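Being a predicted model, the structure only gives us computed values, none of them experimental. Proteins come first, then strands; the chains are lettered A, B, ... in the order of their sequence lines, and each starts at number 1.
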There are 2 protein chains.
Amino acid sequence: MANKPVTIKEIARKLRISPSTVSRALNDHPSIGLVTTERVKKMAAELGYEPNQTAIFFKQRRTFIIGVILPKLSEPFFAEAISAIEDEAAKHNYTVLLGQSLDSIEREKNIVNTFRNHRVDGIIMSLGKNTTDLSFTEALNKYNIPIVFFDCVPEQLNVPKVSCDLSTGIYEAIEAFKQRGHQHVALINGPETLHASVERTHSFKQALERCGLPFHEDYVSHTDLTEKGNFEAFQRLRNLKEKPSAVLSFNDFVTLDLIKYAKENNVLIGYDIHVISFANYPLWKYMDNPPLASIEQYPAEQASIASRMLFRLINNEGKEELPVENAKLSSKLVYQ
Amino acid sequence: MANKPVTIKEIARKLRISPSTVSRALNDHPSIGLVTTERVKKMAAELGYEPNQTAIFFKQRRTFIIGVILPKLSEPFFAEAISAIEDEAAKHNYTVLLGQSLDSIEREKNIVNTFRNHRVDGIIMSLGKNTTDLSFTEALNKYNIPIVFFDCVPEQLNVPKVSCDLSTGIYEAIEAFKQRGHQHVALINGPETLHASVERTHSFKQALERCGLPFHEDYVSHTDLTEKGNFEAFQRLRNLKEKPSAVLSFNDFVTLDLIKYAKENNVLIGYDIHVISFANYPLWKYMDNPPLASIEQYPAEQASIASRMLFRLINNEGKEELPVENAKLSSKLVYQ
DNA sequence: TTGTATGCGTTATCAG
DNA sequence: CTGATAACGCATACAA
């Protein structure tokens, strides 16, 4: 029936001691006698005392909350990531404030702002596809709120981040294609403006060279990531005089559209064309024509490492000048 | 460079007026003169003043945070739900604290406890599969923290909740099967202990009767929701002397296993057996042998309604004695 | 070992 | 219209 919550003062009054003694007793302060400590704890339990966290937060300038900003939870990649973050947070007695950016820079700014107002102790963020300007993070410095990026990270070095190196997985993919006798390997890449796309093209080219396979610009087909764009990107490849027999596709959603397109156009996946996809959709095993393999990017691992970085920063409280950590995992080719 | 954040007091000092005046000016209190208000605001802007929310939260006994507890974000159903909640929360200037229960009662309790300590202003929760004892919510009363349930809700009436009535969708499904000439329709149901399963069996039986189709206990096959259990449940149906030609499956994950099993055992979906699934996996359109249709349960709508209920309770602040709201949406059969 | 006093940043009450 | 003061619940420096 919602009585007024018990406070330290009440316990003190009932016990005819001072609030500070109660406070210390409850916190197992060494200077308090065993007997009083016990008395206080007993009374606290009896009254059902529970500390008012908001008061503590206010006083200690710590909220025990971290904010997590990511594009979209409906992508399995991020659902896995946030679970890992939640686990890591729980270990440190922290809770997770959630914000989905939906790849909108405007929303990213708002969320950062809200989190800042809430005085979260730190932020973990995966950038939206088009975000390059990080000036909005500067406002965080004012309150010494550390931010760690993962997966889609800024290019600057002086910011803590963990990401996945796609070049290793790409190389393994090309190698796998070559072993299966493919000579013409294509890449369906994201928008040319994306840093992520540029990197992929680079690694793709390098891997081909290392494997002694030819690279030709026509074999890199860009999509705007809409269904239509995905279709067209695939179509461009199919229209080449020398059709590629193998293709690396930008992500699972592109791959799904590719599969759909193939079905509608009587292209047989695994026969006319072989596919390897980035990321790793949990459902491939149920599909009739799944990709040959996927380039695993370890969302949970990335997120865990980022969390641990963040807690190191939080617990350091800006005391020491810690070195900026940058971690990079190797992606890997995995078969379903 | 992390200077000490500017406070109201500093503004007051610089302007040689009292802090309370500054506070009122910043809040556009009508009793403050226009000139002072302007002066204060200008100075505040100059100094880059930002209110310390934690202090305000503390003072106002409001955190502007709601907690959301659900089983698993990796289920698309809940990913959609939480996005709807986030949107609704943003409209009310609220932020979302996240907790995944993973269907563990222990975790549910811990999360509720953590949220309570953080003094969230309210909670939205979808219960884990096995949760029936709601005593852990009683602790919330102490702080007048309202809780609203959605989708997987407690049976009691005196608790605000919104769920989806499956009987309408089930009826439409059975009708659709009948129109296609099916006489033997089966149900792959969840564990018998689950309230949700019992309800489904009931609605299933009723729908068959209304459609003039026979009901037989053998045609309700229970699974423990593991892959093995799903396989066996399907197998039991296939082993009946009179094999069902149509089947309603407990949820999308069961359906996926069913599809897998069918493929491995040369059962042709859409020919040997026709399937309608609960919920609506966003990926059916990419599959070669998708279910005929799905029973849509409107996660986003459920979550939105629950959010609005919650904010009504929060904004009422326990002043009036509001009636307990119970909403029920009708499920619907949808084709892909 | 314990109590007293003070402050965290803000707002509300009351007085002027 | 504005200022002084108290209060929210807790923790801590200092005093005893």
Original post:
Just how far, in rounded Å, is C1' of C:dT11 from CG of B:Leu26?
Top reply: 12 Å
Subject >> Whole-Å gap separating C1' (C:dA12) and CD (B:Gln60) >> reply: 11 Å
Original post:
How close or far is atom P of C:dT1 from atom CG of A:Leu34, stated in whole angstroms?
Top reply: 9 Å
Subject >> Side-chain H-bond candidate by donor/acceptor type, B:Lys72 with B:Ser74, under 3.5 Å >> reply: yes
**OP:** For A:Pro19, answer base if it contacts any base atom (sugar-phosphate contacts may also be present), sugar-phosphate if it contacts only those atoms, and nothing otherwise; contact means non-hydrogen atoms under 4.0 Å.
**Re:** nothing
Subject >> Integer-rounded Å distance: D:dG9 C1' and B:Arg119 CZ >> reply: 10 Å
Subject >> Length of the CD1-P vector between B:Ile56 and C:dG9, whole Å >> reply: 12 Å
Original post:
In terms of side-chain heavy atoms of B:Ser20, which of C:dG3, C:dT10, D:dG3 is nearest?
Top reply: D:dG3
Original post:
Whole Å only: how far is the CD1 atom of A:Ile17 from the P atom of C:dT4?
Top reply: 11 Å
Original post:
Closest to the A:Ile8 side chain: D:dC10, C:dT2, C:dT11?
Top reply: D:dC10
Subject >> Residue A:Lys59, side-chain atoms from C-beta onward, closest of C:dT10, C:dG7, C:dT2 >> reply: C:dG7
Original post:
Counting any heavy atom closer than 4.0 Å, what does B:Phe57 reach on the DNA or RNA strands: base, sugar-phosphate only, or nothing?
Top reply: nothing
**OP:** Would you please indicate yes or no on a ring centroid separation below 6.0 angstrom for A:Phe311 and A:Tyr94?
**Re:** yes
Subject >> First encountered from the 5' end of DNA chain D, between B:Arg61 and B:Thr37 >> reply: B:Thr37
**OP:** Provide, to the nearest angstrom, the distance between the CD atom belonging to B:Glu38 and the P atom belonging to D:dC1.
**Re:** 14 Å
**OP:** Could you check how far CD1 of B:Ile11 sits from C1' of C:dT10, rounded to whole Å?
**Re:** 12 Å
Subject >> Short side-chain N/O contact to D:dC8 OP1/OP2 from A:Asn52, under 4.0 Å >> reply: no
Original post:
What pair of heavy atoms forms the shortest contact from B:Ser126 to B:Pro71, and how long is it?
Top reply: O-CD, 3.6 Å
Original post:
Any donor-acceptor pair under 3.5 Å between the side chain of B:Arg24 and the base of C:dT13?
Top reply: yes
Original post:
Of all the nucleotides listed (D:dG9, C:dT2, C:dT10), which has the minimum atom distance to the side chain of A:Ile32?
Top reply: C:dT2
**OP:** Would you indicate which nucleotide in D:dG9, C:dT1, D:dC1 comes nearest to any side-chain atom of B:Phe58?
**Re:** D:dG9
Original post:
So, A:Lys42 side chain and A:Thr37 main chain: donor-acceptor pair closer than 3.5 Å or not?
Top reply: no
Original post:
For the residue pair B:Phe78 and B:Phe150, does the interplanar ring angle fall in the parallel (under 30°), tilted (30 to 60°) or perpendicular (over 60°) class?
Top reply: perpendicular
**OP:** May I ask you to verify if any side-chain N or O of A:Thr21 is less than 4.0 angstrom from the OP1 or OP2 atom of C:dT2?
**Re:** no
Subject >> Under 3.5 Å donor-acceptor pair, B:Ser23 side-chain atoms to C:dA12 base atoms >> reply: no
**OP:** Name the nucleic acid region contacted by B:Ser31, choosing base, sugar-phosphate or nothing; use a 4.0 angstrom heavy-atom cut-off, strictly under.
**Re:** base
Original post:
Between B:Met125 and B:Leu127, is any pair of side-chain heavy atoms under 4.5 Å apart?
Top reply: yes
**OP:** Tell me what B:Thr36 touches on the nucleic acid: a base, only sugar-phosphate, or nothing, going by heavy atoms under 4.0 Å.
**Re:** sugar-phosphate
